[in-house]
Amino acid sequence: MSGLISRLRQLRHSDQAIAASVRATLLESLYASPQSLIIGAITSSGITGIVAYVSGNHWLVVCALAIALVAGIRMIDALKRPGRAARTRSLKNGWAARQEFIYRSGALGYSALLGTFGLLTLVHSDDGVLQLLAVTTTIGYAAGIAGRNAGRPWIALSQLCFASLPLTVGLVVSMQPLKMALAAVIVLFVVAMMDITLQTYGVILKATLVSREKAALAEHHAAVARRDDLTGVANRTAFREQFESRLQALGHGDRRLAIFWIDLDRFKEINDSFGHLAGNALLAGVAQRLDTEFGATGIVARLGGDEFAVICDVVSQTEAVAKGERIIALVEQPVHHDGRALCVGASLGIAVAPSDGIDADTLLKNADLALYRAKGKWPWPDAVL
């Protein structure tokens, strides 16, 4: 018993320490099987209604009606809960706390009513069959919730006590040896079910934490795989995925999406003159400036070597050109490294969706062609398509 009390104390501290997202996941386990809740509510309400009708006792009738009412409310709550996406969106707004309060109120109220009904049946009815129905229904419910609600152990343990302990009172006040023996058995049953609930909660909590750690690790690896190691901006893979996603979101409205393909001029001279560390510092500095300017609302990526790309919304070709000039100005600002001011220029090619294409491949090809023209590798001087 002392070990159980110690575990209950540890439970109080550990339950308060778990993250809100973990608590929300544990709360979802209460709703994982609404069928079991509905079946339990219907059967126990039906049996208490039969016992109350046969006994004719008005207290039992009132209690049975209250049980049926709470059961109906709980079934509605179980069936109308929001989907996973809605729960995720509302997590920051306290969905888990509110939903747990609603579930806990219904669960504890229902358990207390069942326990009270069992007590009233033992006290106000001499029919052994009715007493048997009331006691077995309540004990069966208590046994079921010990496992079903183990994800939120305080709810399960409170339900267990609220349902079972009133029965022990009704059995003890009868002063009949056999009923008093049954009361002792119920007390031992409550202790055993508490232990089972705590063990089940430990398994559920550990599995939840491990699952979340694996998901977080996988998300971290996915993010790393889509980030350029040197500059920290998106790499070619992430750029392509995000670019296609932005194109799909563009739709057929008046919005336009510009892609800027940037190639650094004289970058090889920096590497040859000052070494690769200086070149790396230059690339990182340029990427940081571009990301600061366009990363919040657009996409900044390093496509490899000294090539970068920027994606952002524009309202016209004129705005696209203006942003292109801003990009060149950012690139041409010196980057300070090891006491030196490293300076490069930039050649820029621009393509604007949907006028220059509606799919990623076409737009990338047109931006690349525009870059070649800007670098003077084509006979015509146009820098922008």
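The chain is numbered in sequence order, starting from 1. Since we're looking at a predicted model, the values are computed, not measured.
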Item to check | Check: Ser174 side chain, Leu171 main-chain N or O, donor-acceptor pair, under 3.5 Å | outcome: yes
Item to check | Non-hydrogen side-chain atoms of Gln99 and Asp77 separated by less than 4.5 Å | outcome: yes
Checklist entry - Between Ser125 (side chain) and Leu122 (backbone), is there a donor-acceptor pair under 3.5 Å? => result no
Next on the checklist: On a heavy-atom basis, which atom in Ala367 and which in Ala351 lie closest, and how many Å separate them?
Outcome noted: N-CB, 3.8 Å
Checklist entry - Does atom CG of Asp272 have more than 12 heavy-atom neighbours from other groups under 6.0 Å away? => result yes
Next on the checklist: A side-chain contact here means heavy atoms from C-beta on lying under 4.5 Å apart; do Leu348 and Ile262 qualify?
Outcome noted: yes
Item to check | Where Tyr141 and Ala107 come nearest, the two heavy atoms and their spacing | outcome: OH-O, 4.1 Å
Checklist outcome for this item: Closest non-hydrogen contact found for Leu247 with Ile358 is CD1-O, 4.3 Å
Checklist entry - When rounded to the nearest 0.5 angstrom, what distance separates CZ in Arg302 from CG in Asp291? => result 14.5 Å
Checklist entry - Which residues pass the salt bridge (charged side-chain N to carboxylate O under 4.0 Å, His left out) test with Glu325, sequence neighbours left out? => result none
Item to check | Val286 side chain near Leu283 side chain, heavy-atom distance below 4.5 Å | outcome: no
Checklist entry - Which distance, rounded to the nearest 0.5 Å, do you find between the CD of Gln159 and the OG of Ser164? => result 10.5 Å
Checklist entry - Would you say the side-chain atoms of Ser273 pair up with the backbone N or O of Ile270, donor to acceptor, closer than 3.5 Å? => result no
Checklist outcome for this item: Sorted by chain and number, sequence neighbours left out, salt bridge (charged side-chain N to carboxylate O under 4.0 Å, His left out) with Arg266 holds for none
Item to check | Distance-minimising heavy-atom pair for Ala156 and Thr197 | outcome: CB-CG2, 3.8 Å
Checklist entry - Do Leu371 and Leu363 share a hydrophobic cluster (ILVMFWY, side-chain heavy atoms under 4.5 Å, transitive)? => result yes
Checklist entry - Rounded to the nearest 0.5 Å, how far does CG of Leu79 lie from CD of Gln35? => result 8.5 Å
Next on the checklist: Run the side-chain contact (heavy atoms from CB on, under 4.5 Å) test on Thr121 and Thr48 for me, step by step, so that the C-alpha distance in whole Å, both residues' side-chain angles and the decisive distance to 0.1 Å come before the verdict.
Outcome noted: CA-CA 10 Å; Thr121 304; Thr48 54; over 6 Å; no
Next on the checklist: Please say yes or no: joined through hydrophobic side-chain contacts below 4.5 Å, possibly via intermediate residues, are Phe308 and Val335 part of one cluster?
Outcome noted: yes
Checklist entry - Backbone N or O of Arg152 within a donor-acceptor pair of the Asn149 side chain at under 3.5 Å? => result no
Item to check | Leu178, CG atom: more than 12 neighbouring heavy atoms under 6.0 Å | outcome: no
Checklist outcome for this item: Here the gap from Leu133 atom CG to Thr138 atom OG1, rounded to the nearest 0.5 Å, amounts to 10.5 Å
Checklist entry - So Gln317 and Ile350, side-chain contact (heavy atoms from CB on, under 4.5 Å) or not? Walk me through it. => result CA-CA 10 Å; Gln317 295 275 1; Ile350 308 174; 5.9 Å; no
Next on the checklist: Membership question, hydrophobic clusters at under 4.5 Å side-chain separation (ILVMFWY): are Met75 and Leu65 in the same one?
Outcome noted: no
Checklist entry - Is there a path from Leu290 to Leu342 through hydrophobic residues (I, L, V, M, F, W, Y) whose side chains come within less than 4.5 Å of each other? => result yes
Checklist entry - Sub-3.5 Å donor-acceptor pair from the side chain of Thr292 to the main-chain atoms of Gln288, do we have one? => result yes
Item to check | Phe101 and Ser105: CA distance, side-chain angles, deciding distance, side-chain contact (heavy atoms from CB on, under 4.5 Å) verdict | outcome: CA-CA 6 Å; Phe101 174 79; Ser105 300; 3.8 Å; yes
Next on the checklist: If the condition is side-chain contact (heavy atoms from CB on, under 4.5 Å), which residues does Val314 pass it with, not counting sequence neighbours?
Outcome noted: Arg256, Ala258, Cys312, Glu319, Ala320, Lys323, Val352
Checklist entry - Heavy-atom distance under 4.5 Å between the side chains of Leu330 and Phe294, does that happen here? => result yes
Checklist entry - Out of Ile259, Val300, Asp228, Val233, which one pairs with Phe239 under the side-chain contact (heavy atoms from CB on, under 4.5 Å) rule? => result Ile259
Next on the checklist: Would you compute the distance between atom OG of Ser55 and atom CG of Leu130 and round it to the nearest 0.5 angstrom?
Outcome noted: 6.5 Å
Next on the checklist: Using modelled atom types and a 3.5 Å cut-off, is there a donor and acceptor pairing between side-chain atoms of Thr43 and backbone atoms of Gly40?
Outcome noted: yes
Checklist entry - Under 3.5 Å, side chain of Thr137 to main-chain N/O of Ala134, donor-acceptor pair present? => result no
Checklist entry - Who are the side chain to side chain donor-acceptor pair (under 3.5 Å) partners of Asp263, not counting sequence neighbours? => result Lys375
Next on the checklist: Looking at Asp306 and Phe267, would you say the former's side chain and the latter's main chain have a donor-acceptor pair under 3.5 Å?
Outcome noted: no
Next on the checklist: Can you tell me how far apart CZ (Arg240) and CZ (Arg226) are? Round to the nearest 0.5 Å.
Outcome noted: 14.0 Å
Next on the checklist: When you compare the side chain of Phe189 with that of Leu160, does any pair of heavy atoms fall below 4.5 Å?
Outcome noted: yes
Checklist entry - Where do Arg246 and Ile299 come nearest, in terms of heavy atoms and distance? => result CG-CD1, 3.8 Å
Next on the checklist: In this structure, would Ile47 and Ile67 fall into the same cluster of hydrophobic residues linked by side-chain contacts under 4.5 Å?
Outcome noted: yes
Checklist entry - Taking only residues two or more places apart in sequence, or in another chain, which ones meet Ser44 in a side chain to side chain donor-acceptor pair (under 3.5 Å)? => result Tyr110
Item to check | Worked check of side-chain contact (heavy atoms from CB on, under 4.5 Å) between Asp195 and Gln199 | outcome: CA-CA 6 Å; Asp195 184 67; Gln199 291 185 26; 2.7 Å; yes
Item to check | Which residues share a salt bridge (charged side-chain N to carboxylate O under 4.0 Å, His left out) with Lys179, sequence neighbours left out | outcome: none
Next on the checklist: On a heavy-atom basis, which atom in Thr231 and which in Ala287 lie closest, and how many Å separate them?
Outcome noted: CB-CB, 3.5 Å
Next on the checklist: Quick check against the 3.5 Å criterion: does Ser245 have a side-chain atom that pairs as donor or acceptor with the backbone of Glu241?
Outcome noted: no
